[in-house]
Amino acid sequence: RIYIINIVVTNNIIYFIYFIYFIYFIYYMKYKLIGIYILIVFILLLFSKNKTTYAIHTVFILKENILFLEEWIKYHIHIGFDNFYLYDNTGSKHQEWNIIINKTNKYGINYDKYINDEQIEKKFKDILNKYKNHIIYIKWQPKNENGEIKYGQSESINHYIKKYKKDNEWTAFIDMDEFIYMKNHKSIKDFINEKKNYNKIIMDMKNFDDRFLHVNKSIFDIDNSIKHQDIFFGWGRKNICKNSDLINTNIIHNIKVNNEKQYNPNNIDEIRFNHYNVNKKTIEWMKGYFKKNNFEVEKDNSMKRFKNIIN
């Protein structure tokens, strides 16, 4: 009798079996040391390629973020992110924002006064060198029909999907004034391992004081926040997505994936991103958007536990 048994194995396992046979042959051809050496190298390469990596994609203006960049990277490395795809959109102007290029941001804050170009260049080179195993830097300057550099966030996401999708397992799409927070998980890996049946993690935000109101402070010392309310759920959400399912998208607040299976926490503390953007202009915008005259504030020191670890 002939029995046909279907066994599903990965290509890596098949290659490994073939390689064992190869080493077995070399061994009995009296090249023992060479065979053992090749086997060790092969095993190391095999396991390094199988490591699950977690990435962050972001679009940023260098001068606006340089003062806070290293702390943002260090923190997210600490909670388990491996690679940072930094799309530098310096020189761009969003058509809906009233900004002065390389001087003020959409909140009207003049960041140009804090650091000069020479200091920026030196500081950024130091960061790139220090975190060279984590940073993929992309000079991102798409042009409009007038030849002007445009704000190209959606285009950068699609560029990432096309060029870097296969280099990581999961990717978070956030900005540099946003910090991912999990109350009961030490790492993003631990969190995602519990959500293996999903391919898209939804993150709501909690708003804290703007970074520029506390330029000389660590982000972990900023504890003034707007108390989260049910009306905030769904506003400005961000996503962490499984790379193999990513498809072209047109808005950062709803990254598209094939056969979407989203995990949507009901508790803001389970996973969220802290957005350090509250200033007078933000409050006025929120009053109009939510049709409220004021918002309840509170002290939230949940990030304090990271200060001595990161700094």
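All residue numbers in this chain count up from 1 along the given sequence.
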Can you list the steps and then say if Glu178 with Lys238 is a salt bridge (charged side-chain N to carboxylate O under 4.0 Å, His left out)?
CA-CA 10 Å; Glu178 299 169 351; Lys238 296 292 175 70; 2.8 Å; yes
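- A side chain to side chain donor-acceptor pair (under 3.5 Å) with Asn207 holds for exactly one of Asn224, Asn274, Asn277; it is Asn277.
- With a 6.0 Å cutoff to the six-membered ring centre and a 45° limit on the axis angle, Lys304 does not count as a cation-pi contact of Phe220.
- The shortest side-chain heavy-atom distance between Leu62 and Ile120 falls under the 4.5 Å cut-off.
- Separation of atoms CZ (Phe306) and CD1 (Ile79) is listed at 7.0 Å; rounding is to 0.5 Å.
- Ring centroids of Phe233 and His228 are separated by less than 6.0 Å, placing the two rings close together.
- By the 30° and 60° cut-offs, the orientation of the rings of Trp235 relative to Trp285 is parallel.
- Taking the six-membered ring for Trp and the full ring otherwise, the centers of His57 and Tyr85 sit at least 6.0 Å from each other.
- Hydrophobic clustering places Met205 together with Ile283 (ILVMFWY residues linked when any side-chain heavy atoms are closer than 4.5 Å, directly or through intermediates).
- Checking Gln153 against Tyr87 by side-chain atom types alone, no donor-acceptor pair falls below 3.5 Å.
- In summary, the aromatic rings of Tyr137 and Phe84 are positioned with their centroids too far apart to meet the 6.0 Å limit.
- Phe212 approaches Glu64 most closely through the heavy-atom pair CZ-O, 3.2 Å.
- For Glu298 and Lys206, the salt-bridge test passes: some basic side-chain N is under 4.0 Å from an acidic carboxylate O.
- Under 4.0 Å is where a charged nitrogen must lie from a carboxylate oxygen, and between Lys200 and Asp245 no such pair does.
- Checked for salt-bridge contact, Lys74 and Glu71 miss the test: no charged N lies under 4.0 Å from a carboxylate O.
- When Lys123, Lys130, Lys122 are each tested for a salt bridge (Lys or Arg N to Asp or Glu O under 4.0 Å) with Asp126, only one passes: Lys122.
- Between the side chain of His76 and the main chain of Phe81, no donor-acceptor pair closer than 3.5 Å is present.
- Here the closest heavy-atom approach between residue Ile268 and residue Asp204 is recorded as CD1-CB, 3.7 Å.
- If you take NE2 on His253 and CZ on Arg237, they are separated by 12.0 Å, rounding to the nearest 0.5 Å.
- Phe179 and Ile309 end up in the same hydrophobic cluster when Ile, Leu, Val, Met, Phe, Trp and Tyr side chains are linked at under 4.5 Å.
- Partner Arg211 forms a side-chain contact (heavy atoms from CB on, under 4.5 Å) with one of Tyr276, Trp72, Tyr111 and no other, that one being Tyr276.
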